[in-house]
Number of protein chains: 2
Amino acid sequence: MEANSAATGRAAAGETRASGGKEGRYHHGDLRNALIRAAIELAAEGGPDAVVLRAAARKVGVSATAAYRHFEGQSDLLGAVKEYGQQRLVACMEAVGRASEGVGPQAARDRMMELGRGYVRFAREEPGLYRTAFCRKALGAVGITEEGGLADAEGEQPGWETRSFELLTETLDDAVTAGLITPERRPGAELSAWAMVHGVAMLFLDGPLDTLTDEESSYVIDRVLTDVLAGLMSP
Amino acid sequence: MEANSAATGRAAAGETRASGGKEGRYHHGDLRNALIRAAIELAAEGGPDAVVLRAAARKVGVSATAAYRHFEGQSDLLGAVKEYGQQRLVACMEAVGRASEGVGPQAARDRMMELGRGYVRFAREEPGLYRTAFCRKALGAVGITEEGGLADAEGEQPGWETRSFELLTETLDDAVTAGLITPERRPGAELSAWAMVHGVAMLFLDGPLDTLTDEESSYVIDRVLTDVLAGLMSP
DNA sequence: CGCGGATGTTTACGCCGTCAACATGATGAT
DNA sequence: ATCATCATGTTGACGGCGTAAACATCCGCG
């Protein structure tokens with residue numbers, strides 16, 4: 001119930017065990033984070049299906065059932081990896097989103113494009129983590145309010161989806177004040193933008209775009225982002 | 001290697017066994033299709049992860065290893081279900097796609113909208129099958145040619161993706177000749193359209209739109225489709 | 001009629017998630 | 001310092017999964 005820091009806690013371990021001392025320490029000292037790190041590696045290499053509890057325990061050098069002292073079960077461990085992947089995605093979006101800081105419509109447009117490029121770039125660079133970030137198993141349910149607003153299921157503090165969504169929302173608001181998008185077209189615009197980037201990312205990972213070169217990909221991404229922006233800007 | 005009919009063959013079974021005679025017939029007579037039907041039910045209820053070879057065999061009333069006389073393994077059975085789901089999706093798109101038969105730009109627009117609505121409707125009505133249709137396990141690799149054209153990996157006859165893609169391509173060509181979309185914007189338009197519908201479908205299934213009512217969904221779908229069409233129509 | 005190949009069964013192996021019972025070691029009260 | 005307590009990790013076991021090998025049954029063709 002208290003928010004998982006999902007591997008963001010102070011990492012103490014060097015490789016498999018905690019602080020360098022004896023090998024066979026009965027108590028690990030940082031097992032939870034160590035397991036999460038191992039699970040992240042598994043996810044990065046093989047996607048959500050590769051997040052195998054026993055494999056993570058093996059990687060850390062600990063018995064399988066030890067994980068149950070720190071996670072409710074496999075899907076809970078998977079949930080931790082999911083959260084990590086979500087954070088990474090947000091980071092990737094923020095990194096490029098803050099790149100161009102101008103104020104005109106052109107700058108607003110650039111920010112939208114960069115946000116989308118960052119999203120898809122993460123999906124392409126870390127397909128395993130991206131897939132895990134959207135894996136439907138042990139997910140903190142997120143509902144929707146009026147016109148595109150998101151609401152967490154329980155009173156938990158904003159999860160990634162909220163954060164990622166906020167990022168998009170801010171950029172869209174930005175685009176409105178910059179005169180790029182008309183206020184009438186604003187409500188619900190998140191959905192189109194999100195669906196488009198999510199969709200093209202999926203086509204890259206699971207669909208027919210999985211064998212494109214970086215250059216071809218870049219063309220496709222820009223084309224798709226251009227289209228959705230044009231749609232949002234139309235009269 | 002010879003094309004799987006994927007449960008489209010003449011169905012002989014009533015419930016679990018083939019033609020009504022004795023219960024304990026040693027030879028089933030139509031095991032392959034029976035297993036596929038069972039697997040389809042599993043997929044429809046629980047998605048691709050629920051397509052468990054042993055469960056399908058159990059449903060049919062046959063030993064687990066019997067399946068290996070008709071499939072290379074679990075992923076092969078899953079592949080058959082996948083193909084079925086793809087056919088169902090195409091059918092759903094064609095059903096509504098042929099609804100409006102006019103010739104003007106408005107009719108072309110209607111057809112585009114209906115095609116998208118049919119796509120998303122299938123995803124919402126049969127989430128398990130839809131997810132299975134896009135499951136990345138034992139997939140017949142599909143590459144991409146020049147500007148959005150698809151090419152099968154081996155010389156196999158067009159799979160669903162090709163057919164589904166053809167449907168979209170035809171409708172887009174239609175939209176061009178009807179004057180709805182300018183020829184300059186035509187190349188690559190499939191990608192935007194496909195990404196958008198796929199993306200919004202995913203948001204409905206795995207994302208934050210999974211709790212919407214039918215009416216809200218309808219609004220969201222139309223909004224998203226309107227946006228992508230506007231994008232494709234923009235100067 | 002009889003035999004061979006197709007089809008289905010039994011048995012078994014290793015992997016998985018998970019539970020119960022036990023072992024170990026850190027921690028705080030006496 | 002001593003020792004009970006409790007968190008943490010281990011062993012062993014169970015059932016379910018995918019799959020391979022060996023065996024059983026039956027259909028169809030000579």
Side-chain angles (χ1 to χ4, degrees), chain A residues 2 9 12-13 16-19 21-36 38-39 42-43 45-82 135 137-138, chain B residues 2 9 12-13 16-19 21-39 42-43 45-82 132 135 137-138:
Chain A
E2 80 292 21
T16 56
R17 285 298 192 176
S19 35
K22 286 190 73 256
E23 276 300 305
R25 291 253 306 281
Y26 194 90
H27 285 66
H28 182 286
D30 193 28
L31 224 197
R32 179 180 171 90
N33 285 328
L35 283 172
I36 293 180
L42 292 172
E45 291 166 14
D49 290 346
V51 178
V52 173
L53 191 145
R54 290 178 107 111
R58 224 176 292 136
K59 237 171 181 325
V60 177
V62 95
S63 79
T65 54
Y68 284 81
R69 300 294 178 190
H70 303 275
F71 301 93
E72 285 185 12
Q74 188 265 352
S75 56
D76 191 18
L77 173 59
L78 184 60
V81 180
K82 173 178 174 142
C135 175
K137 289 167 185 172
Chain B
E2 81 289 17
T16 55
R17 283 300 194 177
S19 35
K22 285 190 74 262
E23 278 298 304
R25 291 252 309 280
Y26 193 91
H27 285 64
H28 182 286
D30 193 28
L31 223 197
R32 178 178 172 90
N33 285 328
L35 283 172
I36 293 180
R37 275 192 296 270
L42 292 173
E45 292 166 13
D49 291 346
V51 178
V52 174
L53 191 145
R54 291 177 106 112
R58 223 174 294 136
K59 236 169 169 358
V60 177
V62 95
S63 78
T65 54
Y68 284 81
R69 301 293 178 190
H70 303 275
F71 301 93
E72 286 186 11
Q74 189 265 353
S75 56
D76 191 18
L77 174 60
L78 185 59
V81 180
K82 173 177 174 141
T132 307
C135 174
K137 288 167 187 173

Problem set entry | Close side-chain approach of B/R69 to B/L31, heavy-atom, < 4.5 Å | no
Exercise. Taking atom P of D/dC26 as reference, at what distance in whole Å does atom NE2 of B/H28 sit?
Worked result: 16 Å
Problem set entry | A/R69 side-chain N/O to C/dA23 phosphate OP1/OP2 under 4.0 Å | no
Seminar exercise, completed: From the candidates C/dT10, C/dG8, C/dC16, the one with an atom nearest any side-chain atom of B/T65 is C/dT10
Problem set entry | Interatomic distance, B/F71 CZ vs C/dT7 C1' [rounded to whole Å] | 14 Å
For this session: Report the distance from atom CG of A/D49 to atom P of C/dG17, rounded to the nearest whole Å.
Result: 11 Å
Seminar exercise, completed: Of the candidates D/dT10, D/dG9, D/dG18, the side chain of A/L31 sits closest to D/dG9
Exercise. At under 4.0 Å, does any side-chain N or O of B/H70 touch on OP1 or OP2 of C/dA6?
Worked result: no
For this session: Starting from the C-alpha separation in whole Å, work towards a yes-or-no answer on side chain to side chain contact (heavy atoms under 4.5 Å, CB included) for B/D30 and B/R37.
Result: CA-CA 11 Å; B/D30 193 28; B/R37 275 192 296 270; 3.8 Å; yes
Problem set entry | Rounded distance in Å - CG (B/L35) to P (C/dT9) | 10 Å
Problem set entry | Considering all heavy atoms, the nearest B/A39-B/A56 contact | N-CB, 4.3 Å
Seminar exercise, completed: Of B/A64 and A/R54, the one whose closest nucleotide on DNA chain D sits nearer the 5' end is A/R54
Exercise. Is the shortest heavy-atom distance from the side chain of A/K82 to the side chain of A/L78 under 4.5 Å?
Worked result: no
Seminar exercise, completed: Closest to the side chain of A/R58, out of D/dT19, D/dT10, C/dC16, is C/dC16
